[in-house]
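To keep things clear, I will list the structure first and then write my remarks on it.
Fair warning: this is a prediction, and the values are worked out from it, not measured in the lab. The first residue of the sequence shown is numbered 1, and numbering continues consecutively from there.
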Amino acid sequence: MRLLTHNMLSSNIKGVTNGFPLRIQVQKVVEREVELNPDFLKSMFSKIDWKALVDASRSIGYTELPDEVDPSMLDSDEFLRRFHHALLQLHIEEGVLFCPETGRRFPVIKGIPNMLLNEDEV
């Protein structure tokens, strides 16, 4: 599972109003080599919830992202490498995503989160 995909980091449980972002409890993270594409990163930058990315990165032990950003940072090769690493190269292989409001846990096994809801949750 890539570190940050908005629909994967939101709880869709009936009645939940504060289900984003899901919190991460990681057991195993793997790094996968992905070619750096500055144009892709620049196009994704405005679509990212930066605080959610930083929090998720830190919860798995990656602390190289700044707390606050602005578009001018996209001119820095070092910033782009760090952003790229967090966004595309870190994958949760085993762990749990959990809803900050309900505590509902969604297991991640072999990189695939099980987001299926029980009947009473839909």
Side-chain angles (χ1 to χ4, degrees):
M1 184 187 97
R2 282 200 181 130
L3 186 57
L4 187 66
T5 304
H6 183 74
N7 63 349
M8 291 293 201
L9 289 182
S10 293
S11 179
N12 293 315
I13 299 170
K14 174 179 63 180
V16 169
T17 58
N18 188 26
F20 176 82
L22 291 175
R23 305 297 188 253
I24 300 170
Q25 191 174 52
V26 69
Q27 294 167 343
K28 181 180 179 185
V29 173
V30 295
E31 293 184 33
R32 296 199 175 107
E33 193 63 34
V34 176
E35 186 176 339
L36 191 134
N37 182 336
D39 292 332
F40 173 75
L41 293 170
K42 290 173 184 180
S43 71
M44 289 301 296
F45 181 77
S46 64
K47 298 172 180 139
I48 297 292
D49 181 316
W50 191 258
K51 182 176 178 350
L53 178 61
V54 169
D55 290 348
S57 296
R58 289 183 180 159
S59 73
I60 65 168
Y62 186 68
T63 60
E64 300 300 314
L65 295 177
D67 288 334
E68 301 202 9
V69 292
D70 65 72
S72 69
M73 295 173 83
L74 294 169
D75 295 329
S76 163
D77 289 341
E78 182 63 26
F79 172 76
L80 286 176
R81 276 192 295 278
R82 291 175 180 185
F83 180 31
H84 167 79
H85 188 68
L87 188 65
L88 298 172
Q89 292 185 311
L90 296 174
H91 296 261
I92 300 168
E93 192 68 17
E94 304 289 333
V96 175
L97 301 175
F98 61 96
C99 176
E101 185 175 323
T102 66
R104 170 69 151 83
R105 299 167 65 84
F106 302 95
V108 178
I109 301 167
K110 296 182 181 178
I112 301 169
N114 180 348
M115 303 296 289
L116 295 176
L117 298 176
N118 299 321
E119 270 188 46
D120 62 333
E121 295 174 314
V122 244

task = Could you check if a side-chain atom of I109 sits within less than 4.5 angstrom of a side-chain atom of N114, using non-hydrogen atoms only?
result = no
inquiry  = In the structure I gave you, are the side-chain heavy atoms of R23 and P21 within less than 4.5 Å of one another anywhere?
reply    = yes
ask   = Do you know which two heavy atoms are closest between L65 and A86, and how far apart they sit?
value = CD1-CB, 3.6 Å
inquiry  = Do F83 and I48 have side chains that approach each other closer than 4.5 Å (heavy atoms only, starting at C-beta)?
reply    = yes
request  = Quick one: closest heavy-atom pair of R104 and L116, and the distance?
outcome  = NH2-O, 3.2 Å
message = Quick check: do L117 and F106 have side-chain heavy atoms less than 4.5 Å from each other?
response = yes
inquiry  = Less than 4.5 Å apart, side chain to side chain, heavy atoms only: is that true for L90 and E31?
reply    = yes
ask   = Under 4.5 Å between any side-chain heavy atoms of V96 and V108, yes or no?
value = no
request  = Calculate, to the nearest 0.5 Å, the distance between atoms CD and CZ belonging to Q89 and R81 respectively.
outcome  = 11.5 Å
inquiry  = Which heavy atom of S43 sits nearest to which heavy atom of K47, and what is that distance?
reply    = O-NZ, 3.5 Å
inquiry  = Quick one: does any side-chain atom of W50 pair with a main-chain N or O of D70 as donor and acceptor, under 3.5 Å?
reply    = no
key: F45 vs V69 side-chain heavy atoms within contact, under 4.5 Å   = yes
note = Rounded to the nearest 0.5 angstrom, the CZ-OG1 distance for R82 and T63 is 9.0 Å
ask   = Looking at NE2 of H84 and CZ of F40, how far apart are the two atoms once the value is rounded to the nearest 0.5 Å?
value = 10.0 Å
request  = Please indicate whether E78 has more than 12 foreign heavy atoms, meaning atoms of other residues, nucleotides or ligands, lying under 6.0 Å from its CD.
outcome  = yes
remark   = Interatomic distance, CZ@R32 vs CG@L88, rounded to 0.5 Å, equals 12.0 Å
request  = State the NZ-NZ distance between K110 and K28, to the nearest 0.5 angstrom.
outcome  = 10.0 Å
query = Any idea which heavy atoms bring Q25 and F98 closest together, and the distance?
reply = CB-CE2, 4.2 Å
Distance-minimising heavy-atom pair for K42 and L74 = CE-O, 3.4 Å
query = For the hydrophobic clusters of this structure (ILVMFWY residues joined by side-chain heavy atoms under 4.5 Å, transitively), does one cluster hold both V26 and V30?
reply = no
inquiry  = If you define the side chain from C-beta out and look only at heavy atoms, does anything of L22 sit under 4.5 Å from C99?
reply    = yes
ask   = In Å and rounded to the nearest 0.5 Å, what is the CD1 to CD distance from I60 to Q27?
value = 13.5 Å
query = Between P66 and R58, which heavy-atom pair has the shortest distance, and what is it?
reply = C-NH2, 4.4 Å
